[in-house]
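Notes for the one structure printed next.
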Amino acid sequence: MRELTLIVQTSLDGFVAGPNGEFDNFIGGEENLEFVCSLTEDSDAALFGRVSYQLLDNNWPYVANKPGATQNEIKYSNWYNTVPKFVLSKSLGDNNSGNTHFFSNNIDKKINDLKLQPGKNILIFGSPTAVHSLFDLNLVDSFWIIVHPVIFGQGIPFLRNRKNTIKLGLLASKQLSNGTLCYNYSVTR
């Protein structure tokens, strides 16, 4: 069975973006992107909320063809362009296009059906509103939380107040040279 693995970048105080959705204060760089590219090697599908999908889709399809693109930018862009993408959105409806599929209802059934299909893992990037729903539906199997050495003080939180506890098991950890810490957890059920 395929796993749904969340990849989330967060500040030390737990925000995935600033108050207006900005990512400016995250510590990026080639090493960070290389780490994310290593995670894509074990996956062959991507899941997004609408906002994250629209942000990524405005950039990544074209990066590989830009002059001066780094090896990791090309690698991630090529991965993004080839894998099937599944977007959770009530406003975009169920209008499928090429290798992009939109889910507006029966999300738990559709994602469970995806997990039963043969293949590698499914990655979900960012998408705080979608992530909250996926956790509520017990669909997330594991996640990588990438903690940047920055404190935002305010912004969009990784997790909001929850009704129930989610128990985790630490699978792996890694420190990048810029001080970013990466933790891989499984969700225990």
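Just so you know, these numbers use all the heavy atoms, side chains as well, and skip hydrogens, waters and symmetry mates.
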Point to revise | Results of side-chain contact (heavy atoms from CB on, under 4.5 Å) for Val8 - residues two or more places apart only | key: Leu6, Val16, Ile145, Phe158

Review point. Between atom OG1 of Thr5 and atom CZ of Phe143, what is the distance when rounded to the nearest 0.5 Å?
Key: 10.5 Å

Exercise for review: May I ask whether Leu56 and Ile74 are part of the same hydrophobic cluster, defined by side-chain heavy atoms of I, L, V, M, F, W, Y residues being less than 4.5 angstrom apart, directly or through others?
Suggested key: no

Study note, to complete from the structure: Taken to the nearest 0.5 Å, the spacing of Asn20 CG from Gln154 CD works out to 8.5 Å

Review point. Is any side-chain heavy atom of Ile151 closer than 4.5 Å to a side-chain heavy atom of Ser11?
Key: no

Review point. Nearest heavy-atom pair of Arg50 and Ser89: which atoms, and what distance?
Key: CD-OG, 3.5 Å

Review point. Taking all atoms of both residues into account, what is the closest heavy-atom pair of Ser127 and Gly49, and its distance?
Key: OG-N, 2.8 Å

Review point. Using the ring of each side chain (for Trp, its six-membered ring), is Tyr76 parallel, tilted or perpendicular to Phe125, with breaks at 30° and 60°?
Key: perpendicular

Check your understanding: Closest approach of Cys37 and Lys75, non-hydrogen atoms and distance?
Key -> CB-CD, 4.0 Å

**Study point:** Gap between atom CG of Leu139 and atom CG of Leu114 - 0.5 Å precision
**Key:** 10.5 Å

Review point. Does Asp44 have any side-chain hydrogen bond (donor to acceptor under 3.5 Å, both in side chains) partners at least two apart in sequence or in another chain, and if so, which?
Key: Arg2

**Study point:** Minimum heavy-atom distance Ala46-Trp79, with the two atoms named
**Key:** CB-CH2, 3.8 Å

Check your understanding: Say you draw a straight line from CG of Leu47 to OG of Ser52; how long is it, rounded to the nearest 0.5 Å?
Key -> 10.0 Å

Review point. Does the side chain of Asp141 come within less than 4.5 Å of Met1's, by heavy atoms?
Key: no

Practice item. Tell me, please, which residues at least two apart from Ile27 pass side-chain contact (heavy atoms from CB on, under 4.5 Å). Key: His148, Pro149, Asn178, Thr180

Exercise for review: Output, in order, the C-alpha distance, side-chain angles, deciding distance and verdict of ring-ring contact (aromatic ring centres under 6.0 Å, His included) for Phe26 and Phe152.
Suggested key: CA-CA 9 Å; Phe26 281 126; Phe152 285 2; 5.2 Å; yes

Review point. If every non-hydrogen atom of Pro128 is compared with every non-hydrogen atom of Pro157, which pair is closest and at what distance?
Key: CB-O, 4.0 Å

Check your understanding: Parallel under 30°, tilted from 30 to 60°, perpendicular over 60°: which one fits the rings of Phe102 and Tyr53?
Key -> perpendicular

For a quick test of your reading: what N or O donor-acceptor pairs under 3.5 Å do the side chains of residues 165-177 make, sequence neighbours left out?
unit_1 : atom_1 : unit_2 : atom_2 : d
Ser177 : OG     : Glu31  : OE1    : 2.5

Check your understanding: Are any of the side-chain heavy atoms of Ser77 and Tyr62 separated by less than 4.5 Å?
Key -> no

Check your understanding: Can you list the residues that meet the ring pair (Phe, Tyr, Trp, His ring centres under 6.0 Å) rule with Phe35, with sequence neighbours excluded?
Key -> Trp144

Exercise for review: For the residue pair Thr70 and Glu34, establish whether any side-chain heavy-atom pair is separated by less than 4.5 Å.
Suggested key: no

Atom pairs and distances, donor-acceptor, side-chain atoms in residues 117-124, under 3.5 Å, two or more places apart:
unit_1 : atom_1 : unit_2 : atom_2 : d
Lys120 : NZ     : Glu41  : O      : 3.0
Asn121 : OD1    : Glu3   : N      : 3.1

Study note, to complete from the structure: dist His101:NE2 -> Lys110:NZ (nearest 0.5 Å) comes out at 11.5 Å

Review point. Around atom CD of Gln54, are there more than 12 heavy atoms of other residues, nucleotides or ligands at under 6.0 Å?
Key: yes

Revision key, fill the gap. Closest heavy-atom pair, Phe86 versus Ala45, reported as atoms and distance to 0.1 Å, is CE1-CB, 4.0 Å

Study note, to complete from the structure: Which of Asn112, Asp113, Asn105 passes side-chain hydrogen bond (donor to acceptor under 3.5 Å, both in side chains) with Lys109? Answer is Asp113

Revision key, fill the gap. Here the gap from Ile111 atom CD1 to Leu4 atom CG, rounded to the nearest 0.5 Å, amounts to 6.0 Å

Review point. Going by an N to O cut-off under 4.0 Å, is there a salt bridge joining Lys85 and Asp57?
Key: no

Exercise for review: Tell me, with the steps shown, if Val83 and Thr40 meet side chain to side chain contact (heavy atoms under 4.5 Å, CB included).
Suggested key: CA-CA 10 Å; Val83 299; Thr40 64; over 6 Å; no

